[in-house]
Amino acid sequence: MADGTPILRETTRPRELVTTTREGLRNFIEAAKRGELDHLV
């Protein structure tokens, strides 16, 4: 978005968008790096 809001898109459903905050995206990435989301795979 023009205001810098992070937007995520699922490639299998490209019309569905999820917006978040920069802090929320950062927290998600850091949790993934720590392996905290491994149970979702």
Side-chain angles (χ1 to χ4, degrees):
M1 295 186 98
D3 66 357
T5 299
I7 300 174
L8 306 173
R9 180 177 62 93
E10 171 59 53
T11 57
T12 60
R13 293 182 159 179
R15 293 179 186 222
E16 294 183 28
L17 303 176
V18 176
T19 60
T20 186
T21 62
R22 288 179 181 263
E23 181 181 4
L25 182 57
R26 183 182 314 110
N27 291 340
F28 176 79
I29 292 169
E30 289 175 356
K33 286 181 177 181
R34 291 189 299 269
E36 294 177 14
L37 307 176
D38 289 354
H39 66 283
L40 300 174
V41 181

task: Give a yes-or-no answer on whether the side chains of E10 and T12 include a donor-acceptor pair shorter than 3.5 Å.
output: yes
E30 atom CD: more than 12 heavy-atom contacts under 6.0 Å: yes
For residues 34-41, tabulate all N or O donor-acceptor pairs below 3.5 Å that involve a side-chain atom, not counting sequence neighbours.
unit_1 : atom_1 : unit_2 : atom_2 : d
R34    : NE     : E36    : OE2    : 2.6
R34    : NH2    : E36    : OE2    : 3.3
H39    : ND1    : E36    : O      : 3.3

pair L8-L25: side-chain heavy atoms closer than 4.5 Å: yes
message: With a 4.5 Å cut-off on side-chain heavy-atom distances among I, L, V, M, F, W and Y, is there a chain of contacts connecting F28 to I7?
response: no
- request: Kindly give the heavy-atom pair with the smallest separation between T5 and T19, and that separation in Å.
  value: CG2-CB, 4.0 Å
- request: For E16, enumerate each residue passing the side-chain contact (heavy atoms from CB on, under 4.5 Å) test, keeping only those at least two apart in sequence or located in another chain.
  value: R13
